[in-house]
Amino acid sequence: MKVGFSKFLKKVVCLSLVFAILFLSGCSSDNVGELISYSLLNDPKNLDPQTASDPGAIMIINNIFEGLYRRTLQDTFELGVASKVEVSSDEKTYYYTIKDDLKWKYYTNDNKMEDGKLIDAKVTADDFLFGFQRLMDPKVSTPYSSDYYFIKNAKKVKEGELPLSELGVRVNEEGQFILEVEHKTPLMEELLSSAPAMPCNKDFFYSTKGRYGAKGSMIISNGPFFLSAWFNTDDSKFVRIRANDKYYDANSVVPLGINLTVRKQSEAYNKYKNHDIDTAIVNNEQFIDGKLYLHNYQQFQNSVIGIGFNQNKEQFANENIRTALATAIDRDNLNSVLQQDDQLIAKAIVPKSVTIGSTNYRAYIGNDACPVYDSKKAKELLDVGLSEIKSKNKKINDLNSMSILVNEKMSAVVEQTLQNWQRDLGVFLKIDAQPEEAYNKKLKSGEYDCAVMTFTSDADNPSSILSKFSIKSFANFINANIPNYQKMLDNASVQESLDSMAKEYYAIEKEICTNGNFIPIYYQAEYFVCHDVKNIIFDQGSRQFYYMYATNK
């Protein structure tokens, strides 16, 4: 009933902006200078641009800092802190002139550090030099450094093969920031507008004595907003950012500020329904039950749900067994139990809203990285795999002692999958359905055989999800150790053309799927909804918001 009802209403209301990149529809009022509110799911732990990893923190960073480039209202990129860029004839050296008289903005309006010292520092090329040196410093844990391996010697510096002085960044006598690259990249402007590429004031950084970004008084800003409050207590968790009067383009900053409060999604949904907050991200059930299709909204998919195998378990360390189970996935059969507006069959890993160089990645490269369903081949692979592990451990007869961990809300799709495996392979896995908190605890501790897992894109590029299968990643719950995997990721990130980059990422998807490291089942749809707000730049692939131009009545 829900499926048909939703489709009918979408046709009736004819909201053509569902898949628009910019959230430009909304209140027709020209009133500006209001506060806009949104709920964070988790309290940001770290607002250090070079080391932050959680999406909420990155969103705040991208609004309170500005890099060499910035996003426009059309969701393209233009020069930000840089006033101009000159490029060498071989297109391998970029000379960025930094705008004059740019000032850092401190956490509070009195611009005082904890020791009372006034902050009146200018933003200079040296701040970008120090920021990139921190990004590539082998001693600093920087989760997105490999995205910047297009910079000359970056990979060798990060891996300790060359000293930091050999990194392709420097400042010349004219005060220009000089960036040398190994090659061109189609993602360069986007990457240089993102959190890891933000400037870092060396004097302020060292004044924090190792606590840079750990709390509000340990941050200074150079973007359209600055951090005015950051509370994290048992009773209150919120962040407040306000328009930065020291920003060089302060007249173009529309809202007074953004109120960000940490809430569970259900609480955020209720707050939105009651008009207590302006914007929200909701699931399909909330979207339908709250009649939010009557609001301004965007549907997007930046999460993939599938089955991962704990490769610390002897059975699932066997590639033939994993591949057999992957080959026995009958997606046509599974399609009948999915909610068609909410869950979209996945034959690859990277979700449908993720882009690559402003081009939709899935539309560009296709959606068919998984093994084709073949029950006969799957049974042959399973028999070979079981024979291999029995030769090492005679106590193992089959997989029927194993279980599959699942968040209890996802049990319908799992039941259908297990029925297929029972029918085609004679494999009878037990379902270990757990409430969300218990599920997450078991997953992180490795207390499972195989599990239904969700992987979400935190940045709008294929690497964001694919890097989570690296042995170095904290999100690698399956304990996969794919040979040369990091080398494959690094190689994809340094491709000079969008076409070659997309093909390299697609080859990585096939490597994961073909060998049964992860079986994608469906992409999860969500909805960004708002009341009377327009001109929020919402990046579907990363769930990131850019508020500089946002208008609220």
Side-chain angles (χ1 to χ4, degrees), residues 44 46-52 57-58 60-70 79-83 96-137 139-142 144-145 148 151 164-165 167 169-179 191-228 230 239 241-250:
N46 167 26
L47 294 181
D48 175 351
Q50 277 72 51
T51 65
I58 291 171
I60 294 167
I61 290 166
N62 285 336
N63 281 278
I64 67 174
F65 285 86
E66 183 168 290
L68 296 167
Y69 294 88
R70 69 178 185 180
L79 289 173
V81 168
S83 61
Y96 290 95
T97 300
I98 306 302
K99 290 181 170 71
D100 292 332
D101 203 29
L102 301 180
K103 296 290 184 67
W104 287 100
K105 177 76 173 180
Y106 187 59
Y107 172 67
T108 57
N109 286 321
D110 62 6
N111 276 16
K112 288 183 180 179
M113 288 169 53
E114 285 187 329
D115 61 3
K117 180 181 177 182
L118 288 173
I119 297 294
D120 195 27
K122 291 184 177 181
V123 181
T124 68
D126 288 313
D127 297 324
F128 284 94
L129 176 64
F130 186 60
F132 277 103
Q133 288 175 335
R134 289 191 64 235
L135 182 64
M136 294 303 164
D137 190 333
K139 299 188 295 294
V140 181
S141 178
T142 51
Y144 298 112
S145 56
Y148 295 83
I151 299 173
L164 268 175
S165 59
L167 183 64
V169 291
R170 54 193 170 92
V171 176
N172 64 12
E173 293 180 355
E174 289 76 31
Q176 290 178 305
F177 175 70
I178 301 175
L179 178 68
L191 288 170
L192 294 182
S193 72
S194 301
M198 296 303 177
C200 182
N201 182 277
K202 182 188 289 188
D203 290 339
F204 182 81
F205 174 82
Y206 283 115
S207 76
T208 66
K209 300 178 181 178
R211 295 178 291 167
Y212 182 63
K215 61 179 183 176
S217 59
M218 302 298 171
I219 284 290
I220 51 176
S221 308
N222 77 312
F225 301 94
F226 74 101
L227 189 69
S228 67
W230 183 8
V239 174
I241 62 176
R242 295 293 180 261
N244 181 0
D245 61 320
K246 289 192 172 187
Y247 182 57
Y248 68 88
D249 195 15

Any idea which heavy atoms bring [X] and [Y] closest together, and the distance?
| X | Y | value |
| --- | --- | --- |
| Leu191 | Ala197 | O-CB, 3.5 Å |
| Glu66 | Phe128 | O-CZ, 4.1 Å |
| Pro49 | Ala195 | CB-O, 3.2 Å |
| Ser194 | Asn62 | C-OD1, 3.8 Å |
| Gly175 | Ala125 | O-CB, 3.3 Å |
| Arg134 | Cys200 | CD-SG, 4.0 Å |

Any side-chain heavy atom of [X] sitting closer than 4.5 Å to one from [Y]?
| X | Y | answer |
| --- | --- | --- |
| Thr51 | Val140 | yes |
| Thr142 | Tyr148 | no |
| Lys105 | Asp245 | yes |
| Phe226 | Tyr247 | no |
| Pro44 | Val239 | yes |

Hey, could you give me the [atom1]/[atom2] distance between [X] and [Y], rounded to the nearest 0.5 Å?
| X | Y | atom1 | atom2 | result |
| --- | --- | --- | --- | --- |
| Arg170 | Gln176 | CZ | CD | 10.0 Å |
| Tyr106 | Ser221 | OH | OG | 11.0 Å |
| Leu47 | Ile60 | CG | CD1 | 5.5 Å |
| Ile61 | Asn46 | CD1 | CG | 6.5 Å |
| Leu79 | Thr97 | CG | OG1 | 9.5 Å |
| Ile241 | Asn63 | CD1 | CG | 4.5 Å |

How are the rings of Tyr206 and Phe130 set to each other: parallel, tilted or perpendicular (split at 30° and 60°)?
-> tilted

Give the ring-plane orientation class for Phe65 versus Trp104, where under 30° counts as parallel, over 60° as perpendicular and anything between as tilted.
-> perpendicular

From the list Leu167, Val171, Thr124, side chain to side chain contact (heavy atoms under 4.5 Å, CB included) partner of Leu129 resolves to Val171

Got more than 12 heavy atoms from elsewhere within 6.0 Å of CG, Asp101?
-> yes

Got a donor-acceptor contact below 3.5 angstrom from the [X] side chain to the [Y] backbone?
| X | Y | value |
| --- | --- | --- |
| Lys99 | Ala82 | yes |
| Lys103 | Tyr248 | no |
| Gln50 | Leu135 | no |
| Asn244 | Gly223 | yes |

Would Asp127 and Lys122 satisfy salt bridge (Lys or Arg N to Asp or Glu O under 4.0 Å), going step by step from the backbone distance to the final call?
-> CA-CA 9 Å; Asp127 297 324; Lys122 291 184 177 181; over 6 Å; no

Output, in order, the C-alpha distance, side-chain angles, deciding distance and verdict of ring-ring contact (aromatic ring centres under 6.0 Å, His included) for Phe177 and Phe132.
-> CA-CA 11 Å; Phe177 175 70; Phe132 277 103; 5.7 Å; yes

